[in-house]
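Because the structure is a prediction, the values reported are computed rather than measured.
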Amino acid sequence: MKPEKQHGFLQDIYAISATAKEMVGTMRRDLRGNVYRYGQAGATALAAGKLAVSADMDTDVENCVLAEAAAAGSKTVKVTVTSTTVAEDYFRGGDLIFNDATPEGHRYLILHSSAVTAGTEITLTLDDPLAVAATTSSEVTIMQSPWKSAVISATDQADMPVGVPMVAITAEYYGWFQTRGRAAVLADEAVAKGGAVTIGSSVAGAVELQDAAGEPQIGIAEEAMSDTEYYPIYLMID
């Protein structure tokens, strides 16, 4: 597994790009320790200061079988899929999870994924070689990066937060999402200073007071917040 990238980033924090300049999910820190993740907007544009969440996983790439055995030490795995169609490198920056049969419980970062059409196999190139051999009885799940095709948070509060875009990101473009440190975020209601905040239940992309079990904590309100305005939140997503 490669170490965290420290310098040489190819896209500015406040820039967007039609093509990927970094691997989706790449982490970046600034001088104050604020943390950012490189990601992509889904089919709908994202706005600065509005919370984004991970896209739903395609169930067609869940609990799949291998198309052929893969020896220990191999960095290539072929997986049979039945109906989904995805472009080349859609799963780059995501993970291959072995969920049943040997080597269940193992996880590997995906560096490359082939294009696949319904009813064929997808070839995955892994960052690290397989520690244990896999067979055609091995079951796997192919997970896209949480920052791939991210969407604006829905008011059902049932999704995984991935950060707050630094600027507006055009649909299917790439940009940076802040995940830790002070950020300007849209308020869904009045929140007292020091209140823990979660996904808003009334306005998409907003945050509100965390007041029920199971709600993911996004961060802490650094000042008292008023409804419909953007306030400093100390993010604690990543």
Side-chain angles (χ1 to χ4, degrees), residues 13-17 20 22 24-28 34-59 62 90-91 93-95 143-238:
I13 286 287
Y14 294 98
I16 63 173
S17 173
E22 306 283 352
V24 171
T26 293
M27 180 184 286
R28 180 175 186 169
N34 295 322
V35 178
Y36 311 86
R37 291 280 192 158
Y38 192 71
Q40 182 193 31
T44 301
L46 304 176
K50 290 188 176 182
L51 182 67
V53 296
S54 61
D56 291 336
M57 187 181 74
D58 186 345
T59 57
E62 184 177 3
Y90 181 83
F91 292 104
D95 295 277
M143 299 288 295
Q144 67 193 49
S145 168
W147 293 274
K148 177 72 174 179
S149 302
V151 298
I152 196 81
S153 64
T155 56
D156 59 12
Q157 301 179 301
D159 299 297
M160 184 180 113
V162 297
V164 177
M166 294 301 295
V167 294
I169 303 178
T170 302
E172 299 184 350
Y173 273 54
Y174 296 84
W176 291 96
F177 297 71
Q178 187 172 353
T179 60
R180 180 166 288 272
R182 181 177 292 165
V185 186
L186 177 63
D188 196 10
E189 64 183 17
V191 177
K193 179 178 180 179
V197 295
T198 187
I199 300 171
S201 60
S202 299
V203 178
V207 299
E208 67 180 31
L209 183 68
Q210 183 186 36
D211 56 8
E215 294 176 350
Q217 183 175 349
I218 306 304
I220 300 292
E222 291 199 68
E223 297 293 338
M225 301 169 58
S226 299
D227 192 15
T228 75
E229 297 185 18
Y230 292 77
Y231 284 88
I233 299 295
Y234 192 92
L235 296 174
M236 303 168 63
I237 297 171
D238 192 20

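- When all heavy atoms of S149 and A55 are compared, the closest pair comes out as O-CB, 3.3 Å.
- Considering CD of Q217 and CD1 of I237, their distance stands at 10.5 Å, rounded to 0.5 Å.
- At a threshold of 4.5 Å between non-hydrogen side-chain atoms, the residues P216 and I199 count as touching.
- Heavy atoms only, all atoms of each residue included: I169 and G175 are closest at CD1-CA, 3.9 Å.
- Within the structure, side chain to side chain donor-acceptor pair (under 3.5 Å) contacts touching residues 200-216 (residues at least two apart or in different chains) are Q157-E208, S201-E208.
- Side-chain contact between V207 and D188 is absent, with no heavy-atom pair separated by less than 4.5 Å.
- In this structure the side chain of T44 never reaches within 4.5 angstrom of the side chain of I152, judged on heavy atoms.
- The minimum heavy-atom distance between A154 and D159, with the atom names listed, is CB-OD2, 4.0 Å.
- Nearest heavy-atom pair, M166 versus A48, reported as atom, atom and distance to 0.1 Å: O-CB, 3.7 Å.
- Put simply, OH on Y38 and CH2 on W147 are 14.5 Å apart, with the number rounded to the nearest 0.5 Å.
- How far CD1 of I233 is from CD1 of I218: 9.5 Å, rounded to the nearest 0.5 Å.
- Here the closest non-hydrogen pair linking A150 and V162 is CB-CG2, 4.1 Å.
- Side-chain contact check for V151 versus V53: some heavy-atom pair is nearer than 4.5 Å.
- In this structure, the separation between CZ on F91 and CE on M143 is 9.5 Å, given to the nearest 0.5 Å.
- Using a 4.5 Å heavy-atom cutoff, the side chains of K193 and E222 are not in contact.
- Annotation: Y230, atom OH; neighbour count of heavy atoms from other residues, nucleotides and ligands within 6.0 Å is above 12.
- Note that CZ of R37 and CH2 of W176 are 9.5 Å apart. Values are rounded to the nearest 0.5 Å.
- Between Q40 and F177, every side-chain heavy-atom pair lies at or beyond the 4.5 Å cut-off.
- The distance from atom CG of L186 to atom OH of Y231, rounded to the nearest 0.5 Å, is 10.5 Å.
- Remark: side-chain polar atoms of Q144 are not paired, donor with acceptor, to backbone N or O of G94 under 3.5 angstrom.
- Under a cut-off of 6.0 angstrom, the local environment of CG in D56 is sparse, with at most 12 non-hydrogen atoms contributed by other residues, nucleotides or ligands.
- With a 4.5 Å cut-off on side-chain heavy atoms, V185 and L235 count as touching.
- Between A171 and A43, the shortest heavy-atom contact is CB-O, 3.4 Å.
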Verdict with supporting geometry, Y173 and L46, side-chain contact (heavy atoms from CB on, under 4.5 Å): CA-CA 10 Å; Y173 273 54; L46 304 176; over 6 Å; no
